4 protein chains.
Amino acid sequence: MALRADAARNRAAILAAASEAFAEHGPKATTEQVAQQAGVAIGTVFRHFATKDDLLVAIMKESLKRLATLADESTLAEFFTAVVDEAARTRMVVTALGESRLDIGDALRGLTDSVSRLLEQAKAAGEARSTVQVDEVMALLTAATYAARQSSWTTDLRQRTLAVILRGLR
Amino acid sequence: MALRADAARNRAAILAAASEAFAEHGPKATTEQVAQQAGVAIGTVFRHFATKDDLLVAIMKESLKRLATLADESTLAEFFTAVVDEAARTRMVVTALGESRLDIGDALRGLTDSVSRLLEQAKAAGEARSTVQVDEVMALLTAATYAARQSSWTTDLRQRTLAVILRGLR
Amino acid sequence: MALRADAARNRAAILAAASEAFAEHGPKATTEQVAQQAGVAIGTVFRHFATKDDLLVAIMKESLKRLATLADESTLAEFFTAVVDEAARTRMVVTALGESRLDIGDALRGLTDSVSRLLEQAKAAGEARSTVQVDEVMALLTAATYAARQSSWTTDLRQRTLAVILRGLR
Amino acid sequence: MALRADAARNRAAILAAASEAFAEHGPKATTEQVAQQAGVAIGTVFRHFATKDDLLVAIMKESLKRLATLADESTLAEFFTAVVDEAARTRMVVTALGESRLDIGDALRGLTDSVSRLLEQAKAAGEARSTVQVDEVMALLTAATYAARQSSWTTDLRQRTLAVILRGLR
DNA sequence: TATGAATGAGGGTTCATTCAT
DNA sequence: AATGAATGAACCCTCATTCAT
C-alpha cells in the first residue's frame with residue numbers, strides 16, 4: 001500500500017518529465033532523457049510504460065482529455081484561444097491531433113464530441129454559420145495548433161490569426 | 001569552376017530522390033534510401049551535401065522557391081489552394097514552412113515577399129480586408145498546409161476548410 | 001530452525017513453478033515467469049534462491065534424484081526408456097545431464113551409482129556385454145535424452161533409436 | 001573491386017570470429033564479442049549479417065555443409081567419428097543439428113541425403129542391418145554429438161561410446 | 001570524383017538482482 | 001518473511017558520417 005504511493009508518485013513524475021521532454025524536443029526525445037528528468041532509472045520508465053509509444057500515447061491522451069474538459073467549459077472562441085495557447089507551449093498537442101500511427105482514436109473522438117457541442121452552441125449564438133461542420137472545425141483547430149508552434153509567434157500574431165479563422169466560421 | 005557535367009547530373013538526381021523520399025517518409029527517410037533512389041552511392045550524397053540537414057535545407061529552399069514562383073502567377077485564393085494541394089502530396093512543404101531549426105530564413109523571406117504582393121492585390125480586389133497583415137496570412141498558410149497532411153482529408157474537407165480561411169480574410 | 005510452514009510451502013511452490021517454466025521454455029524462462037507461476041512475488045523467489053542459477057541447480061538436483069530413485073526400481077532397458085520419455089516432456093532433464101557450468105556434481109554421482117548397479121544387473125542377465133563401463137552408459141543416456149528433445153521425434157523414432165543403443169550394449 | 005577484397009576478408013574474419021565465439025559460449029555469445037574478436041566495429045558485423053540470427057544461421061550452414069562434404073568421402077563409421085570429434089571442439093555443431101527455430105532446413109536436408117548414401121553403403125558392406133532407417137541414424141548422430149560436448153569426455157570414452165552405437169547399427 | 005565498406009555513438013528494450021516498505 | 005517497485009548493466013540494432021580504395 002505504501003509502495004503503491006511511491007509507484008504512483010514515480011508514474012506521475014515520469015508523465016510530467018515526458019510531457020516536458022516531448023514538449024521541448026518533440027517525440028524524438030529520448031526515453032533516457034525522460035528517465036533522467038523524472039529522477040528515475042530507465043527500467044522504471046519501462047515498468048510503467050512498456051513501450052516508448054505507450055508513453056507517447058499516455059501523454060497525448062492526457063492532453064486530449066484536458067482539452068475535452070476545457071471544451072466543456074468554454075465557448076468555441078475561447079476554446080480555440082486556449083488550445084492555441086497550450087500548443088504554443090507544448091509540441092505534443094499538435095502531434096496528438098495530427099498523429100495517426102498511434103492509437104489515440106478514442107480520445108480524439110471524445111474531443112470531437114466536445115467540439116461538436118461547442119459548435120452547436122456557437123451556431124445557436126449566431127457565431128458560426130449553419131453550414132459549418134465539425135470536421136472542418138477540427139481541421140482548423142489542428143491547423144491553428146500547428147502554426148502556433150512557430151517560434152516567431154507573438155501573442156499579437158496569434159490573436160490576429162485566430163481572428164481570421166473565427167471570422168471565417170461566422 | 002563549374003561542376004563537371006556528371007557531377008551536376010548527380011546533384012540533380014540526389015535532390016530529386018531526396019524530394020521523393022522525404023515526401024513519402026518525412027524527414028526520417030534514410031540518407032541511404034535517398035542514395036539508392038538517386039542511383040548513387042552514399043559517399044556521393046555526402047560529397048554534394050555535407051550533412052543530412054544540408055540536404056533537407058536544399059530541398060526546402062527549392063520547395064519554397066517553387067512556391068514563390070507560383071505565387072507570382074496566381075491570386076491569393078488560387079495560391080492557397082495550390083499550396084494546400086501540394087502539401088497533401090508532399091510532407092516536406094509543411095516541414096519547410098514550419099521548420100525553425102534549420103536555416104531557411106532567406107528563402108522564407110522570399111516567399112513572404114511574394115505573398116505580400118498577392119495580399120495587396122487581394123485587398124485591391126476587395127477579397128481581403130485592409131487590416132490583414134502578411135504574417136497572419138503566412139501563418140494561415142502554414143496552418144492549412146499542415147492540416148492538409150492528415151490522412152483523413154478528403155478533397156471535400158480540404159475545400160470546406162480553405163473556404164473558411166478565405167472567408168475569414170475577407 | 002525449521003522453516004515456517006508458509007515459507008516451506010512457498011519454497012515448494014517455487015520449485016514446482018520453476019520446473020514447469022523451465023521445462024517449457026528452457027533455462028531462459030524468466031524468474032518473473034517463475035514467480036508468477038508460483039503465485040509469489042519475485043522478492044520471495046530470491047529469498048529462497050539467491051540466484052537464478054541456484055534455482056536451476058535445485059531443480060536439476062531434484063530431477064536427478066528422481067531419476068536415481070527410478071533407476072533403483074527398473075532394469076537398464078526400462079530405465080533408458082523412462083528417462084527418454086521424460087526428456088521428451090521436459091527440457092531440463094537433458095540440461096541437467098549435460099550441464100557442466102553449474103555445480104551438480106554430487107547429484108550426478110548419485111545417479112551414476114544407481115546406473116552402475118543397473119549395469120551390473122544387466123551384465124548378469126546377459127543383456128550387456130562385460131566390457132561396457134558406466135561412463136559410456138551415462139554418455140549414451142545423455143545423448144539419447146538430448147536427441148529426444150527434437151520436436152520431430154515420434155514415438156516410433158524414439159523406439160527405434162533406443163533399440164539401436166540397447167542392442168549396442170549387448 | 002579492391003574494396004570487395006577487404007569486405008570479403010572482413011566477412012571471413014567475422015565468420016571465423018563468430019565460429020569461435022559461439023563455439024566457446026554457445027549462441028548467447030554477444031555480437032559485440034564477435035565484432036571484437038574479428039577486429040571490426042559492431043556496425044560491420046551487421047552490415048554483413050543483418051541479424052544475429054542470420055549470423056548464427058550462416059555458421060550452422062557452413063558447419064553442415066562441411067559435414068556433408070565430409071560424409072561424401074567417408075564410411076559411416078569414419079563419419080560418425082569425425083562428426084563427434086568436431087562436436088567436441090564446437091558447441092555449434094550440435095546446436096545446428098538440434099535447432100529448429102532457425103531456418104536451416106535445406107542444409108540439414110542436404111546432410112541427411114549424404115548420410116543416407118553412407119547408410120546404403122554400410123548396409124551393402126554388411127556394417128548396418130537392413131532395417132535401420134536414416135532418421136534414427138541422424139538421431140543417433142545428433143545424440144552422440146550432443147554428448148560429446150561434455151567437458152569430461154576423453155578420447156577413450158568417445159571411442160567406447162561410439163563403438164556401442166556402431167555396434168547397435170549392425 | 002565516385003564508391004561503398006567501416007565506424008561507433010546512441011536508441012529502445014530486457015531482466016537478474018536489490019531494497020524500501 | 002513477503003512484496004513488488006526500482007535499478008542499471010547489457011543486448012541487439014540503426015544510421016549519419018568518415019575514409020580507404
Side-chain angles (χ1 to χ4, degrees), chain A residues 1-11 28-35 38-55, chain B residues 3-7 10-11 28-36 39-55, chain C residues 3-8 10-11 28-36 40-55, chain D residues 1-11 28-35 38-55:
Chain A
M1 221 51 73
L3 263 194
R4 285 284 154 67
D6 264 40
R9 216 173 305 133
N10 272 339
R11 197 192 142 92
K28 72 185 209 310
T30 296
T31 46
E32 201 99 32
Q33 281 172 22
V34 171
V40 145
I42 186 71
T44 303
V45 173
F46 280 93
R47 159 173 275 265
H48 286 278
F49 302 93
T51 275
K52 186 184 180 180
D53 276 359
D54 284 354
L55 184 52
Chain B
L3 288 173
R4 284 227 234 115
D6 56 345
N10 273 345
R11 197 191 140 90
K28 75 184 207 310
T30 294
T31 46
E32 198 101 32
Q33 280 173 22
V34 171
Q36 204 159 328
V40 167
I42 320 203
T44 305
V45 173
F46 276 89
R47 163 168 292 274
H48 285 280
F49 303 91
T51 272
K52 188 184 182 180
D53 276 358
D54 285 354
L55 184 51
Chain C
L3 286 173
R4 283 228 234 113
D6 56 344
N10 274 344
R11 198 191 141 91
K28 74 184 206 311
T30 294
T31 46
E32 198 100 33
Q33 281 172 23
V34 171
Q36 204 159 329
V40 165
I42 321 201
T44 305
V45 173
F46 277 89
R47 164 169 289 274
H48 285 279
F49 303 92
T51 272
K52 188 183 182 181
D53 276 358
D54 285 352
L55 184 51
Chain D
M1 225 47 78
L3 265 196
R4 286 283 154 65
D6 264 40
R9 217 173 304 133
N10 272 340
R11 197 191 141 92
K28 73 184 206 312
T30 296
T31 46
E32 201 99 30
Q33 282 173 21
V34 172
V40 145
I42 187 71
T44 304
V45 173
F46 281 94
R47 159 172 277 267
H48 286 277
F49 302 93
T51 277
K52 186 184 180 180
D53 276 359
D54 284 354
L55 184 52

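The figures that follow rest on heavy atoms only: side chains count, while hydrogens, waters and symmetry mates do not. Lettering of chains follows the sequences in order, A, B, ..., and the numbering in each one begins at 1. The structure presented is a predicted model; accordingly, all values stated were derived computationally and were not measured.
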Round to a whole Å and report the spacing from [atom1] of [X] to [atom2] of [N].
X: B:D54; N: F:dT18; atom1: CG; atom2: P; result: 11 Å
X: D:R9; N: E:dA5; atom1: CZ; atom2: P; result: 14 Å
X: D:E32; N: E:dT7; atom1: CD; atom2: C1'; result: 12 Å
X: C:H48; N: F:dG4; atom1: NE2; atom2: C1'; result: 15 Å
X: C:R47; N: F:dA1; atom1: CZ; atom2: P; result: 4 Å
X: B:I42; N: F:dT17; atom1: CD1; atom2: P; result: 11 Å
X: D:D6; N: E:dT3; atom1: CG; atom2: C1'; result: 13 Å
X: A:F46; N: F:dA5; atom1: CZ; atom2: P; result: 17 Å

Counting only side-chain N and O atoms of [X], is one of them less than 4.0 Å from OP1 or OP2 of [N]?
X: D:T51; N: F:dC12; result: no
X: C:T31; N: E:dC15; result: no
X: B:N10; N: E:dT1; result: no

Q) Among E:dG4, E:dT17, F:dA2, which nucleotide sits nearest the side chain of C:T44? A)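 So the nucleotide nearest the side chain must be F:dA2.
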Q: Decide if atom CD of B:Q36 counts as having more than 12 heavy atoms of other residues, nucleotides or ligands within a radius under 6.0 Å.
A: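 12 or below, so no.
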Q. According to the Watson-Crick and G-U wobble definitions, with both distances under 3.5 Å, which nucleotide is paired to F:dC15?
A.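 Result: E:dG8.
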Q) What is the base-pairing partner of F:dA1, counting Watson-Crick and G-U wobble geometry with both distances under 3.5 Å? A)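 Result: none.
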Q) Where each residue is assigned the nucleotide of DNA chain F containing its nearest heavy atom, which of B:A29 and D:K52 is assigned the position nearer the 5′ end? A)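 Comparing both residues, the 5'-ward one is D:K52.
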Q.
Reading DNA chain F from 5' onward, which residue's closest nucleotide shows up sooner: C:V40 or A:G39?
A.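 By nearest-heavy-atom nucleotide position, the 5'-most residue is C:V40.
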Q. Within the structure shown, what part of the strands sits under 4.0 Å from C:T30 by heavy-atom distance: base, sugar-phosphate, or nothing?
A.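 If one applies the 4.0 Å heavy-atom cut-off, C:T30 turns out to touch the sugar-phosphate alone, with no base involved.
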Q: Specify the residue among C:K28 and D:A41 whose closest nucleotide of DNA chain E lies further upstream toward the 5′ end.
A: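 Its nearest nucleotide being more 5', the pick is D:A41.
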Q: Could you pull out the closest heavy-atom pair between B:A35 and B:A41, with the gap in Å?
A: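 What the structure gives for the nearest pair is CB-C, 4.1 Å.
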**Q.** Contact summary for C:V45 and C:V40, nearest pair of heavy atoms
**A.**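 Here C:V45 and C:V40 meet closest at N-CG1, 4.3 Å.
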Q: Starting at CG of D:D6, measure out to CZ of D:R9 and round the result to the nearest 0.5 Å.
A: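 It comes to 4.5 Å.
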Q) Could you go step by step and tell me if A:T31 and A:F49 meet the side-chain contact (heavy atoms from CB on, under 4.5 Å) rule? A) CA-CA 10 Å; A:T31 46; A:F49 302 93; over 6 Å; no
